[in-house]
Structure formats: C-alpha cells, structure tokens
Amino acid sequence: MKKAYTIIIMLLMFVGYASAQESEDVFYLGYCNGEINSLGTGKSGECVVSAAIMIPKEDLGLFVGCDINKVRVGLAYWYGDLRPESITGWIRHSLDGPNEAEGTTTELKPDAWSEIAFTDTYKITGENDIYIGYSYHQDKKLNCMSLSGISVPNGCWIAKNDKWVDYSSNNYGNVSVEAIVTGDNLPKYNLALKSCGVAHLSVRHGENIIVNYEIENIGARPVEEFILKYEIGDNYRNEVSVKTPIAYRQHILDQIEIPTSEIAYSEKAMPIKITLLLSESEDEDMTNNTAEFKVAMYETAFPRKVLLEQFTTELCTFCPAAGERIATALDGENYSDKVVWVCHHAGYGVDWLTIEESKDYTFFYGDMKNQSAPAIMLNRRYNPNASKDGYPIQQVGGVEDIEDVLDYELADPGFVSVAVDMSHDDTNLYVTVEGEKLALLDDFCDLPKLSVFVIESNIEPRYQAGAGDDFLHENALRKVLSDTWGDVITWNGNHYKMTYNVPLDETWVKENLQVVAFVHNHDAKDIFNCIVFNSEETEMGKFSSIDSVGINSEIAEIKYYNMQGIEYNATPEEDGIYLKQVKYRNGETQITKIIINN
C-alpha cells in the first residue's frame, strides 16, 4: 500500500466480473480484467507452449460450491496461418499435476475470446489452489499469446515443453485466460474499492478534503446506489450516499469532499477510514471495501520549494529540447523561485558527467527496463496523473504539462524549512544547512534525512546528441556531500544544523557552483515512501564569508565517528569518510562530514 499522502492502490487478489444471463449468473475469474492484447508473444521452435494463472485457495471462499464448465482464452492477432490448430484449456491443482478438468477446441479467433467447454465439470471446494491455463503445439514460433493488464502475483506462468517460468514480476501483463464460473452461490452483490485516497499531504483547516476513489462492480448483479462512510479520528463520523448505477464489470472514478470546518483543529495528522457500503442490499465480500490514510490540517506552514530531478545524458537526442521546455516553465512568474532543478546524467546510458550516485537514483524508475530519457521526478513522489509505469518518474511533456505537475506539488505546504549556505577557501568547499520542523513532519516522515548536492552549470558538452551550437549543460550533479540516500538529521528540539566540507575539485568552476539541500524520507523497500518535504539552493557562485560556517560558542567536546559508528577521541589517521561531532557549551551540537585523504 502506498503512503497515505498518495492515492492508495489496493490490487484485488483476483480480478473478475459478472454477466447476467437469462437463466443464470456467470462470473469470469482471472487477472486480465477481460482484456486482450492484440500484440502477442510466444516461444520459439517446435514445442508445446502452455500459459496459466493461479488463484490461491484463500481467494475462492466466495465460490465454494460453484462450477467451472468452461474456460475462455484470449488470443492475440495473427497473420495468415500463424495460429495453433487447436488449444486445450484446463484446470490443475499444480502446474505439473494432472488436468482436473479439460477441453479442446479448434474454433479459434484472432484478437478475440475463444471458449473451451470441459468434458467434465470442475467443482470449486476451496481446498486447493487452482491453476487456470491452456496448452497448444506449434511447429514454429506463434506469437498468439495475449498478456494484458497490470501484472499481479501468479498472473503470468508460461512454459515451453512443461518447463514453467513465473513472469509475474516482469511487468509483461497477465495471461488472458479466465474460468467461467456458474452456480447459485455466486456473489450477486460485490463492490470493490479499488483505489481511494487524497492526492496531497494536507489541507488548510476550514477547507475541504478531496477524496478520490475508484469502484468496480465484481458481483453478478448491477448496483444502483452505494454509500461512502468516513471516519476521522475517534470523534467524527459521517457518510455520503451516491446514486450512480454501476453495471457488471464497470469501473467508476469520482470524488467526495469532506468539510474540515466541523472538525477540531489538531497539530497531528488525522487518520481517515473510508468504508464502501451498498444502500439496498448487503455486500457479500467486505474484505475489499475499506481504505485508510492520513490527512494533516494546518493553519501555518513554511514556504515550500519543489525538487525537480531530471534524467539526461549526452546520448539522448531529445534531452536538449526537454531541458529547454523545463527552463521555459521555470522562468514563468509562478515558478521562478519555487523550484530547485538538478540534472542526473543517467537513465539513458551514461556520459562523462555521470557519477555513481546518479546511477543509484535510477532506483525511482522501478525497473531497469523502464529507464529512458528525458525524464523528470518531482519531490521523488508518485503523481497519479503523470507518473510513468506506476513509479515516481515522469516523462517530460510540453511546457503546460510541466506547469501542471509543478502545481500538483506546490499545492502542499512545507512542514520543515531548509536554509543553505556555502563558502570556500583555497582548497575546500564548506556548507551549512539548517532549519526548523513543525510537529506534522513526524506524522509523515519516520526518519527525516538531509541530502546535500553540489551542482554546476554552464558546462561545455563533449558531444550532446540533438543539441545546437550554443548548448550548455546546466544543474549537473557533481558531488553528493551526504550519504547517497541522505544523512539522518540530528535535532535540537525542532531545530537542526548540519555542516559539510569537501575538497574543491580542480575541474569545477567555482563561479558556476551551487549547493542543493533537501529534507526527505527514504525507504529502500518502498519506492513510494521517499518523499521530499522541502528543498533549497544557494545562488550560483554566491559564497559567504568562511567565518559564517562556525558557531560562536565555546567548544565543550569533539568526537569523531567512522561510517560504521566506531568512535575516535582524536582525529582519525586513516583515509576515509568520517563524522565530526562538536558539542558546544551553549548546548548546541554540530555534525560535519569530513573526508581525510593524507
């Protein structure tokens, strides 16, 4: 489940839909949501090709006592005679087990469903997992297998000569195969709350909370009206009745508004629970009818800047034009001082400006095969209206598209402030970052971290595809002063102050340097839990007096730590990266990351 401040997606364990016929209700049980992909795939050479999905027994409780007399197979489009002569559909309890029920047909249709009647009825008992699949023989490769929809676990098992491989995690889609379920025990009324949540972290007290939702009818009968009940904290409950007919297998997307004027103001985020109910009958499966998330109310907040990270390389023909569109958008009156722009030279190969950390940040593409450029990411956050392949990365649209996604991010206030300063001497760059937090930050960020970048502009390209003669690299990431994924912030009450220093690289032009700092969360196991809460940058080439880096107070204690946390009472002699902790008699603590290179 995504974090509460994005749309909450709840993938059903199975995706099915119902069709009412004159004599009986029918339910199509599968993962492809009734979709066929006209562009097919297959296996090479003479062989037996098989494909299947698996429905866990835990998800069959609603169907116990029902019958499966048929399966239907969705086949892709084919040309000429590039099709199987026949296909056998089957039900199994294991991929390598015997067919518990089967049937064969030669009546196959391109880019359409082909029904296969079983010779014997399969009765659902709920005691076994069931594999729904099909097999066919080929003399040469036939690209007739359809994979469609959003990939789910056990949605794509494929075999060549009975050697099964699970492709469910490869984002190829799900096998277009469905069991046709009939019987008196079919769930007649069953709505599913497929997604529900708020797009933004917070709302100003007195304004309405806008809740977006998606509902699917996966029962066997149409529904004319439903109820959305909402609970906020322990004390506020209400509901909204919605008269919107939902037919079999139909999805609806809409929103409700929850007023906050009747809710007591709180400095902590409020838990909200949404429950989907039927108005005139009882939903037969309530396991997919609720959503829970948090919303913060605020009365005051810090100004917020958006962190815009662009992925680009010199190999990318379309990247110079994309950079021009970004620059045009940021020059607009509404954005000129509200966006911090960083360029990672990664995502489409690498070039001479690529650093290791930029390659690490391709993590946000979600999958290696999703990598492409030009691409952008705003506040490392998923945007349901723009993000690519369900991950935080977005394609670079036109100027208006960029403005739209900036508006989306700027709608949230800042729960933490960031101020950054840089200075230098003959050999080193010194950076100080400090700020304050509001109590609300703790509700949305389990372990706030600080990341600090050095970026450089006005860099002559070596060879930039698609660029004109006057092209220059701007905002290129040159050095990460913090850990790749940020340093844990040390708080003094609600205040933090952290300092860094690094040797000046002889290839850098000081007048073209800036320092970028941002406060964020990072969760290596959850790509949607890495939100940037605020960011800031120095002016290009503007350096403060070096004295401003220090703290005007008497030092009480100095300690050093290596990156494994081992303490040193004196300056370490071995080369490496260390943390220097200085405690002052006024109670303030200063932590600096230092690099020793003897």
Side-chain angles (χ1 to χ4, degrees), residues 305-316 319-320 322-323 326-327 330 339-365 371-381 392-394 396 418 420 422 424 428-431 433 449-462 464 467 471-487 498 500-520 522 530 532 534-542 577 593 595:
K305 288 190 177 182
V306 174
L307 178 67
L308 188 157
E309 294 172 271
Q310 180 187 358
F311 290 85
T312 179
T313 67
E314 290 198 338
L315 301 173
C316 171
C319 286
I326 295 171
L330 299 191
V339 181
V340 175
W341 183 8
V342 175
C343 288
H344 301 295
H345 281 249
Y348 187 76
V350 296
D351 60 32
W352 64 281
L353 288 171
T354 302
I355 65 174
E356 286 301 315
E357 289 90 343
S358 286
K359 292 190 286 185
D360 291 336
Y361 297 140
T362 60
F363 161 80
F364 292 104
Y365 282 88
Q371 291 189 24
S372 62
I376 56 174
M377 175 171 58
L378 280 71
N379 286 335
R380 298 186 175 178
R381 184 159 79 144
I393 297 293
Q394 305 173 19
V396 184
V418 182
V420 58
M422 66 177 180
H424 71 88
N428 290 302
L429 178 69
Y430 301 91
V431 176
V433 185
K449 291 188 173 184
L450 178 70
S451 284
V452 182
F453 294 170
V454 177
I455 63 174
E456 185 178 2
S457 294
N458 301 321
I459 302 173
E460 293 278 354
R462 293 184 180 174
Q464 174 64 59
F471 175 83
L472 295 172
H473 289 298
E474 309 292 347
N475 311 301
L477 179 60
R478 301 293 260 158
K479 185 75 175 178
V480 176
L481 303 188
S482 58
D483 180 78
T484 302
W485 303 110
D487 294 328
M498 300 176 72
Y500 299 82
N501 67 71
V502 64
L504 284 166
D505 192 300
E506 62 181 12
T507 65
W508 299 348
V509 178
K510 291 193 291 291
E511 291 74 16
N512 295 332
L513 295 181
Q514 292 173 271
V515 172
V516 169
F518 54 98
V519 176
H520 60 100
H522 180 71
C530 302
V532 174
N534 214 343
S535 58
E536 188 53 277
E537 63 186 344
T538 60
E539 292 184 34
M540 186 186 303
K542 183 176 180 180
I577 301 174
K593 179 175 285 189
I595 300 174

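All values derive from a computational prediction rather than experimental measurement.
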So do the side chains of Trp485 and Glu357 get within less than 4.5 Å of each other, counting heavy atoms only? no
Test side-chain contact (heavy atoms from CB on, under 4.5 Å) on Val532 and Val519; report intermediate values, then the result. CA-CA 6 Å; Val532 174; Val519 176; over 6 Å; no
Please tell me if the side chains of Ile326 and Val396 come closer than 4.5 Å, counting only heavy atoms from C-beta onward. yes
List in chain and number order the residues that pass salt bridge (charged side-chain N to carboxylate O under 4.0 Å, His left out) with Lys510, two or more places apart in sequence or in another chain; answer none if no residue qualifies. none
So Val433 and Leu450, side-chain contact (heavy atoms from CB on, under 4.5 Å) or not? Walk me through it. CA-CA 9 Å; Val433 185; Leu450 178 70; 3.9 Å; yes
For the CD atom of Glu309 and the CE atom of Met377, what is their distance to the nearest 0.5 Å? 4.0 Å
About how many Å separate CD1 of Ile355 and CZ of Phe453, when rounded to the nearest 0.5 Å? 7.5 Å
Sequence neighbours left out, what passes disulfide (SG to SG under 2.5 Å) with Cys319? Give chain and number order. Cys316
Output the distance between atom CG (Leu513) and atom CG (Leu504), rounded to the nearest 0.5 Å. 7.5 Å
According to side-chain hydrogen bond (donor to acceptor under 3.5 Å, both in side chains), who are the partners of His522, at least two apart in sequence or on a separate chain? none
Salt bridge (charged side-chain N to carboxylate O under 4.0 Å, His left out) filter on Glu356, not counting sequence neighbours, yields Lys359
Report yes if some heavy atom in the side chain of Trp508 is under 4.5 Å from a heavy atom in the side chain of Val454; otherwise report no. yes
Partners passing side-chain hydrogen bond (donor to acceptor under 3.5 Å, both in side chains) against Gln514 (at least two apart in sequence or in another chain): Glu537
If you look at every heavy atom in Val480 and Asp483, which pair is closest and at what distance? CG1-O, 3.8 Å
Evaluate the side-chain proximity of Leu315 to Asp351: yes if any heavy-atom separation is below 4.5 Å, no if none is. no
Using side-chain hydrogen bond (donor to acceptor under 3.5 Å, both in side chains) as the criterion, list what pairs up with Gln464, not counting sequence neighbours. none
Is there a side-chain contact between Leu307 and Leu378, using heavy atoms and a 4.5 Å cut-off? no
How about Val452 and Val515: do any of their side-chain heavy atoms sit closer than 4.5 Å? yes
Spatial distance of atom CG (Leu481) from atom OG (Ser451) [nearest 0.5 Å]: 10.0 Å
Do Asp487 and Tyr500 come close enough that some side-chain heavy atom pair is under 4.5 Å? yes
Considering residues at least two apart in sequence or located in another chain, which fulfil the side chain to side chain contact (heavy atoms under 4.5 Å, CB included) criterion with Asn458? Leu472, Glu474, Asn512, Met540
Will you find, in the side chains of Gln310 and His344, an N or O donor that is under 3.5 Å from an N or O acceptor? no
Let me confirm one number: the CD-OG1 distance from Glu456 to Thr507, rounded to the nearest 0.5 Å. 6.5 Å
Counting only N and O atoms by type, is there a donor-acceptor contact under 3.5 Å from the side chain of Asn534 to the main-chain atoms of Lys305? yes
Step-by-step side-chain contact (heavy atoms from CB on, under 4.5 Å) determination, Glu536 to Phe518: CA-CA 6 Å; Glu536 188 53 277; Phe518 54 98; over 6 Å; no
Do Asn428 and Val502 touch side chain to side chain, with heavy atoms closer than 4.5 Å? no
Say whether His345 and Thr354, considering side chains only, have a donor N or O and an acceptor N or O under 3.5 Å apart. no
Gap separating the OG1 atom of Thr313 from the CG atom of Leu353, nearest 0.5 angstrom: 10.5 Å
Quick one: list whatever passes side-chain hydrogen bond (donor to acceptor under 3.5 Å, both in side chains) with Glu314, sequence neighbours left out. Trp352, His473
Stepwise side-chain contact (heavy atoms from CB on, under 4.5 Å) test for Asn475 and Ile455: CA-CA 5 Å; Asn475 311 301; Ile455 63 174; 4.1 Å; yes
Name all residues meeting the salt bridge (charged side-chain N to carboxylate O under 4.0 Å, His left out) criterion together with Glu539; count only those two or more places apart in sequence or in a different chain, and write none if there are none. Lys542
Please determine which of Tyr361, Tyr348, Phe363, Tyr365 meets the ring pair (Phe, Tyr, Trp, His ring centres under 6.0 Å) test together with Phe311. Tyr365
